[in-house]
Amino acid sequence: MELLNEIWATARRNKLRTTLTGFAVAWGIFMLIVLLGAGNGLINAQMTQSDRFLSSSMVVFGGETSKPYNGLKEGRDIRLHERDIKITDKEFAGIIDKVGAQYRTQAVISLGQQYISTSLCGVYPNHTQIDKVQMQYGRYINDIDIREKRKVLVISNKQAKELAPQGGSYLIGRSVNVGNFAFKIVGIYKENENGRADVFSSYSTIKSIYGANTDDAGRIEFTFHGLTTETENEDFEADYRARLNTSHQAAPDDESAVWLWNRYTQNLQMETGISIIRLALWIVGLFTLLSGIVGVSNIMLITVKERTHEFGIRKAIGAKPWSILKLIIIESIIITTLFGYIGMLLGIGVNEWMDATIGHTKVDAGLFKASMFVNPTVGIDVCIEATLVMVIAGTIAGLIPAFKASRIRPIEALRAE
């Protein structure tokens, strides 16, 4: 207790020095935690979006030709046809597992006086695997729905509450009006907060009702296997695109005629980007922490030098070298621990503020809305480790000059200015 009172008295006599030492410690840890938290928020947001889709899947869109071919000019619209689904299923069966398609339209769905205006999407059963639809009640579209062109619907939990206050399982098996047709609700899925909520039905049903007079197939989607590297994926994309382009009288290498959304290569690129971000964050964070360590070290060196005269007096009246060494070490530990803890709390507080504000901000990513930050926090283990590093660094910084001061002869210490 006497030692602590002595350290407190020393700190009060040297307020500026103590404040500068503490600020260097707190700032280093604060910046490290905030930087890592912000980086983790960005990374988690990307990971959340990628988890919404099956990585080994592709979606194919019609585009617009960007170059002339076989006497036809550029700028032609390309719409995928039923034959493109057959080409995908038959000619690439060695790589492609299951082929599906999406046919989209707008529709008003009503139940009594309640109604919703939404996107109605006809899909195959494999869509729930590709886009990872999480069911809450009932079932999803199945093969019998496709074969028999059943008028069935799968809606989101939020849409269910709009149609009926009871929501949930109350709507399973009930009929609703979709335009002039009666459809039965067979399933309710959990709506993703970042996604666009569609109402799903059988592809064959929606195509026969809304696209019977056109050969437009909408979008093609499929799962695949055996493509484990970026090169393999790029080679497959080139072959597949060339085949579809040829069926539409477009140049085989025209990348604008048919668009491919390859989730696997997207994930590979994202993982590379995340690795770079993590490395950059740690480098910047460690250099920030290092600047705090340098600050603490310099201040501790100056502190010990200023107190050389005091140490001489202590030794002159019988103080042992260990008592001087212990005084400096404990003082260094207390200051770095206290201010390190303050810096850690401030950093955690800023991370929580980012989570409560920026973390709820969403940007339009085209097919869905994405969060900018998701859980921008740092594990408590990282916070404690950063604080311990600063404590150890501050202790070592004071230990070296303190060891010299503890061994100096009293007469020489008393002469020091």
In Å, rounded to the nearest 0.5 Å, how long is the span from [atom1] of [X] to [atom2] of [Y]?
X: Gln136; Y: Ile172; atom1: CD; atom2: CD1; value: 10.0 Å
X: Ile87; Y: His81; atom1: CD1; atom2: NE2; value: 11.0 Å
X: Gln134; Y: Ser156; atom1: CD; atom2: OG; value: 13.0 Å
X: Glu91; Y: Ile96; atom1: CD; atom2: CD1; value: 10.0 Å
X: Lys207; Y: Tyr103; atom1: NZ; atom2: OH; value: 5.5 Å
X: Ser56; Y: Asp97; atom1: OG; atom2: CG; value: 7.0 Å

Min side-chain heavy-atom separation [X]-[Y] under 4.5 Å:
X: Leu153; Y: Val186; result: no
X: Arg243; Y: Phe92; result: yes
X: His127; Y: Glu221; result: yes
X: Phe236; Y: Ile95; result: yes
X: Tyr203; Y: Ile141; result: no
X: Glu237; Y: Thr265; result: yes
X: Leu244; Y: Val60; result: yes
X: Leu163; Y: Ile109; result: yes

To check you understand the geometry: which heavy-atom pair defines the closest contact between [X] and [Y], and what is its length?
X: Ala160; Y: Ile188; answer: CB-CD1, 4.0 Å
X: Phe224; Y: Ser57; answer: CE2-N, 3.3 Å
X: Glu74; Y: Pro68; answer: OE1-CD, 3.6 Å
X: Trp261; Y: Gln266; answer: NE1-OE1, 2.8 Å
X: Val34; Y: Gly347; answer: CG2-CA, 4.0 Å
X: Pro125; Y: Asp143; answer: CG-OD1, 3.3 Å

Closer than 3.5 angstrom, by distance alone: can the side chain of [X] be matched with the main-chain N or O of [Y] as a donor-acceptor pair?
X: Asn142; Y: Ile144; result: yes
X: Arg83; Y: Ser247; result: yes
X: Asp254; Y: Ser66; result: yes
X: Thr205; Y: Ser201; result: no
X: Glu232; Y: Thr228; result: yes
X: Ser202; Y: Asp145; result: yes
X: Gln129; Y: Leu54; result: no
X: His248; Y: Ile78; result: no
X: Asn245; Y: Ala250; result: no
X: Ser204; Y: Ile146; result: yes

Open item on the list: Are more than 12 heavy atoms, taken from residues, nucleotides or ligands other than Tyr341, located less than 6.0 Å from that residue's OH atom?
Closed with: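 Atom OH in Tyr341 is not packed in, count stays at 12 or less.
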Task: Arg79 CZ: over 12 foreign heavy atoms closer than 6.0 Å - done: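 No.
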Open item on the list: Applying side chain to side chain contact (heavy atoms under 4.5 Å, CB included) to Leu120 and Gln106, what does each step give before you reach the verdict?
Closed with: CA-CA 6 Å; Leu120 179 59; Gln106 292 297 121; over 6 Å; no
TODO: Carefully, step by step, assess Ile220 and Val59 under the rule side chain to side chain contact (heavy atoms under 4.5 Å, CB included).
DONE: CA-CA 6 Å; Ile220 299 174; Val59 182; over 6 Å; no
- [ ] I would like to know whether Arg174 and Ile185 meet side chain to side chain contact (heavy atoms under 4.5 Å, CB included); could you show each step before the answer?
- [x] CA-CA 6 Å; Arg174 294 187 177 272; Ile185 296 177; 5.6 Å; no
Open item on the list: Does Asp198 form a salt bridge (charged side-chain N to carboxylate O under 4.0 Å, His left out) with Arg104? I'd like the steps, not just the answer.
Closed with: CA-CA 9 Å; Asp198 294 320; Arg104 293 178 175 272; 2.9 Å; yes
Open item on the list: side chain to side chain contact (heavy atoms under 4.5 Å, CB included) for Tyr115 and Val176? Distances and angles first, verdict last.
Closed with: CA-CA 9 Å; Tyr115 69 92; Val176 295; over 6 Å; no
[X] and [Y] ion-paired at < 4.0 Å:
X: Arg76; Y: Glu64; answer: no
X: Asp131; Y: Arg263; answer: yes
X: Asp253; Y: Lys67; answer: yes

Open item on the list: Ring centroids only, cut at 6.0 angstrom: are Tyr240 and Phe222 within range, meaning strictly under it?
Closed with: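 Between Phe222 and Tyr240, which both carry aromatic rings, the centre distance is below 6.0 Å.
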- [ ] Decide if the gap between the ring center of Phe200 and the ring center of Tyr189 is smaller than 6.0 angstrom.
- [x] yes
